[in-house]
Protein chains: 2
Amino acid sequence: MRPKNLEKEEAIRTIALQIIAEEGLENLSMQKLAKAANISPRTIYIKYENKEDLLIKLFVDEVLGAYEKAILEKFNADMEFAEGVKRLWTNAFRYFKNNRHAFVLMQYGKSSPLLYKAYQERDIKEGDYFAPIHRFLERHAKAGVIRKLPQEAYRAILFSPAFDLINEYFDCLNRPKQLITEKVFSDSCDAVIKGLLK
Amino acid sequence: MRPKNLEKEEAIRTIALQIIAEEGLENLSMQKLAKAANISPRTIYIKYENKEDLLIKLFVDEVLGAYEKAILEKFNADMEFAEGVKRLWTNAFRYFKNNRHAFVLMQYGKSSPLLYKAYQERDIKEGDYFAPIHRFLERHAKAGVIRKLPQEAYRAILFSPAFDLINEYFDCLNRPKQLITEKVFSDSCDAVIKGLLK
DNA sequence: ATCATAAGTAAACAAACATTTACTTACTTT
DNA sequence: AAAGTAAGTAAATGTTTGTTTACTTATGAT
């Protein structure tokens with residue numbers, strides 16, 4: 001039996017992310033993707049059931065999965081509060097700097113109903129990547145280091161500013177300004193940490 | 001001359017937002033919109049040049065414009081820091097609670113290249129709705145009340161958590177949990193304020 | 001060497017797409 | 001009351017969509 005050409009599989013993923021980032025999710029079509037990847041449309045259907053399946057797998061495996069793995073690198077729930085948060089921010093910044101196209105699909109996950117649903121179902125099935133961070137926060141809350149809030153609020157306060165800054169960072173690359181430096185990112189992280197400390 | 005039927009114009013806007021919120025931007029078609037609004041496709045083209053024009057005008061006028069107006073209500077640059085931020089958060093929460101569909105298109109503005117571009121160009125042309133908030137922050141930074149950061153960092157730290165919490169709030173409405181109460185929203189706002197205070 | 005088989009292709013499919021054409025309707029102006 | 005006109009409709013335009021059909025190719029197993 002003829003083996004799969006792994007280069008072609010990767011081309012599908014890479015170029016799909018590229019089209020989504022540059023032209024938008026609403027402008028990705030199977031035929032456009034096939035042409036850009038220099039393959040036949042049929043080839044996409046060997047790996048993916050249909051377009052929805054492709055999008056969900058791209059989002060869940062390629063983007064969410066890789067991000068979650070990257071953000072938890074060298075992090076563990078026993079760290080000091082400030083140290084742990086800093087590590088998570090640094091990891092997120094580094095990962096997305098090197099995966100700009102993934103960042104855009106990540107953002108689509110917050111608006112597209114299809115992807116948002118996949119995100120929620122994944123959290124239930126795979127048991128929430130947030131678990132170590134959850135333990136980390138709960139421990140510091142119990143110890144009285146930080147103020148007590150629901151996990152969702154922690155998530156919002158601690159991480160959404162990082163996403164916003166990364167978005168701004170990419171904007172800076174396109175335009176003639178250079179606002180979001182490592183220093184600004186680090187100072188912002190400090191501010192966020194301070195807000196939660198008791 | 002026969003006058004425009006304003007009800008039909010509003011139906012187009014309302015139902016377009018509804019389809020986008022429920023099925024996604026990538027699943028809005030002119031024919032689907034026309035059928036759902038009980039009009040002929042041609043009628044959409046009386047008011048809007050084409051689909052892109054419709055989307056941009058929906059996003060800029062209907063969503064961004066209304067949001068910016070709502071968030072600045074009873075706010076002015078001379079307020080105390082904590083008071084001002086609280087007002088902005090309260091305004092944002094109230095506005096989106098009553099305009100759930102607008103919130104989804106707002107989120108698409110952070111991922112869709114078409115909408116993101118429109119957002120940036122609007123800021124340049126209309127002179128940035130953020131101006132009063134900008135003055136407010138600059139004043140408190142100069143007075144030594146808050147730490148000095150670029151405007152983009154202020155924006156990220158102060159407002160992106162509010163968006164995230166609003167998103168979570170809508171999620172709570174769908175699922176059997178009730179986490180994001182006014183209290184949690186208010187406590188989160190306090191944490192964000194404290195983080196920026198010197 | 002050749003066979004079996006899944007990978008891969010090019011071309012086609014109906015359905016859905018954005019937009020237009022040809023026409024009718026309803027209201028203001030005269 | 002009649003005329004003029006933009007609003008509005010139903011149906012059709014050609015194009016693009018997601019997906020499939022019918023066929024070819026490359027490779028591990030025999």
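To find a chain, count down the sequence lines: A is the first, B the second, and so on, and within it residues start at 1. Computed from heavy atoms alone, side chains included, the values below leave out hydrogens, waters and symmetry copies. None of the values given here were measured: they were computed from a predicted structure.
Counting non-hydrogen atoms of other residues, nucleotides and ligands closer than 6.0 Å to CD of A:Glu52 gives a total of 12 or fewer. Atom NZ of B:Lys198 has more than 12 heavy atoms from other residues, nucleotides or ligands within 6.0 Å.
Shown for residues 4-34 of chain A: residues whose heavy atoms fall under 4.0 angstrom of DNA chain C, namely A:Lys4, A:Asn5, A:Lys8. Applying a 4.0 Å cut-off to non-hydrogen atoms, the residues of residues 38-55 of chain A that approach DNA chain D are A:Pro41, A:Arg42, A:Tyr45, A:Asn50, A:Lys51, listed by residue number.
Considering OH of A:Tyr48 and CD1 of A:Ile12, their distance stands at 6.0 Å, rounded to 0.5 Å.
A:Glu26 and A:Tyr108 are linked by a side-chain donor-acceptor pair at a separation below 3.5 angstrom, with hydrogens and angles left out of the test. Checked by atom type, the side-chain pair B:Ser29/B:Lys51 shows no donor-acceptor distance below 3.5 Å. Donor-acceptor pairing under 3.5 Å is lacking for the side chains of B:Glu68 and B:Tyr95.
Only one option out of B:Arg139, B:Arg155, B:Gln151 pairs with B:His134 in a side-chain contact (heavy atoms from CB on, under 4.5 Å); it is B:Gln151. A side-chain contact (heavy atoms from CB on, under 4.5 Å) with B:Leu28 holds for exactly one of B:Leu17, B:Ile19, B:Leu58; it is B:Ile19.
Stacking of A:Lys97 on the aromatic ring of A:Phe93 is recorded, both the 6.0 Å distance cut-off and the 45° axial limit being met. Relative to the ring axis of A:Phe163, B:Lys110 does not place its NZ or CZ within 45° and under 6.0 Å from the centre.
If you walk DNA chain D from 5' to 3' and mark each nucleotide with an atom closer than 4.0 Å to a heavy atom of chain A, the marks span D:dT17 to D:dG28.
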